[in-house]
Amino acid sequence: MKVLEKIFDKAILFELDKHCDDRGYFTELYSQKNYSTVIDKNFVQDNISYSKKNVLRGLHFQIENPQGKLIYPIRGEIFDVIVDIDKNSNTFGQHYSVLLSEDNNLQLWVPDGFAHGFCVTSNEATIVYKCTDFYNPSSEKTIIWDDSDLDIKWPNNKSIISNKDQQGKKLSELF
């Protein structure tokens, strides 16, 4: 794996090594030995998320038990977005977006202190992500996906959004 970019001095965009031949390919998603030099966290939970085209999830974060997430799409493509929600950061309220896909082999490290969301741009997508803390539904918060103050340029305006995510709040209402 190779560090491509540091985002807001905290998040990291990686490019993973992909070894291809006529049988298929092999990619190492995580090795503590390699990642421990750039991510000083222990992972306690692995998740898989499957979504259909135009599904938009997020922007989620947890107040208590904040989760860092190492995100990689094993199938399809997503428009991935993070928002700095650390009130003490000089990039508070700023967002970053990137296309992650099984083809471009990019992986995103989202440390705690960020809200996270994505929209599926392919027919379907399967995302795996490692988390640094356990899911705590009672402390989960959602920033509304179309918060005008964030001005995120989502890839479409036909998104499929859960009732829970439609009830999200503007960042300014949460902090």
Side-chain angles (χ1 to χ4, degrees), residues 1 7-8 10-14 16 27-32 35-36 38-89 92-102 106-122 124-147 150 152 154 159-171 173-175:
M1 64 86 180
I7 303 125
F8 306 132
K10 300 173 206 157
I12 303 171
L13 184 64
F14 296 101
L16 300 182
T27 298
E28 184 177 86
L29 296 182
Y30 175 78
S31 166
Q32 184 181 26
Y35 282 77
S36 65
V38 288
I39 300 174
D40 186 25
K41 297 284 184 176
N42 292 320
F43 293 100
V44 299
Q45 181 175 314
D46 288 348
N47 298 327
I48 296 177
S49 172
Y50 167 82
S51 302
K52 297 177 181 177
K53 185 177 183 91
N54 297 326
V55 166
L56 191 152
R57 298 183 184 269
L59 300 155
H60 303 139
F61 65 97
Q62 292 182 181
I63 296 292
E64 297 167 17
N65 311 97
Q67 293 178 307
K69 298 175 182 175
L70 186 61
I71 300 163
Y72 181 78
I74 57 172
R75 185 166 145 201
E77 179 183 80
I78 61 172
F79 177 81
D80 204 85
V81 177
I82 60 174
V83 177
D84 188 342
I85 58 169
D86 178 355
K87 291 183 286 186
N88 298 316
S89 170
F92 174 76
Q94 293 183 31
H95 74 276
Y96 171 86
S97 61
V98 63
L99 283 175
L100 302 177
S101 74
E102 64 183 307
L106 298 180
Q107 182 183 52
L108 185 62
W109 163 241
V110 183
D112 59 88
F114 285 84
H116 174 255
F118 65 87
C119 182
V120 177
T121 55
S122 55
E124 55 190 10
T126 304
I127 293 86
V128 295
Y129 55 102
K130 302 181 89 48
C131 298
T132 60
D133 210 331
F134 299 103
Y135 176 61
N136 182 353
S138 65
S139 82
E140 184 178 41
K141 302 289 181 193
T142 302
I143 300 170
I144 190 73
W145 64 277
D146 63 350
D147 184 336
L150 298 178
I152 298 168
W154 294 98
S159 297
I160 303 164
I161 304 169
S162 72
N163 289 333
K164 179 184 87 168
D165 287 354
Q166 289 179 23
Q167 303 303 312
K169 306 283 185 208
K170 290 182 68 124
L171 178 66
E173 296 173 315
L174 294 166
F175 292 95

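Under a cut-off of 6.0 angstrom, the local environment of NZ in K10 is crowded, with over 12 non-hydrogen atoms contributed by other residues, nucleotides or ligands.
Every residue two or more places apart in sequence or in another chain was checked for a salt bridge (Lys or Arg N to Asp or Glu O under 4.0 Å) with E28, and none qualifies. Not counting sequence neighbours, the partners of S138 by the side chain to side chain donor-acceptor pair (under 3.5 Å) test are N136.
Neither side chain, S162 nor R57, offers a donor N or O lying under 3.5 Å from an acceptor on the other.
Between Y30 and F43, the ring-plane angle classifies as perpendicular under the 30° and 60° cut-offs.
The backbone N or O of G76 sits less than 3.5 Å from a side-chain atom of E102, completing a donor-acceptor pair. In this structure, Q166 contributes its side chain and I161 its backbone to a donor-acceptor pair below 3.5 Å.
The side-chain contact (heavy atoms from CB on, under 4.5 Å) with I143 is formed by just one residue from the set L150, I152, V81; it is L150.
Listed by first and then second residue, the salt bridge (charged side-chain N to carboxylate O under 4.0 Å, His left out) pairs that reach into residues 160-170 are E140-K164, D147-K170, D149-K170, sequence neighbours excluded. For residues 39-54, every residue pair satisfying the salt bridge (charged side-chain N to carboxylate O under 4.0 Å, His left out) rule, not counting sequence neighbours, is listed here: K41-D112, D46-K130. Screening residues 44-86 for ring-ring contact (aromatic ring centres under 6.0 Å, His included) gives F61-F175, F79-W154 as the qualifying pairs, with residues at least two apart or on separate chains. Sorted by first and then second residue, the salt bridge (charged side-chain N to carboxylate O under 4.0 Å, His left out) pairs with a member in residues 60-74 form an empty list; sequence neighbours excluded.
Of all heavy-atom pairs between F118 and S49, the closest is CZ-OG, 3.7 Å.
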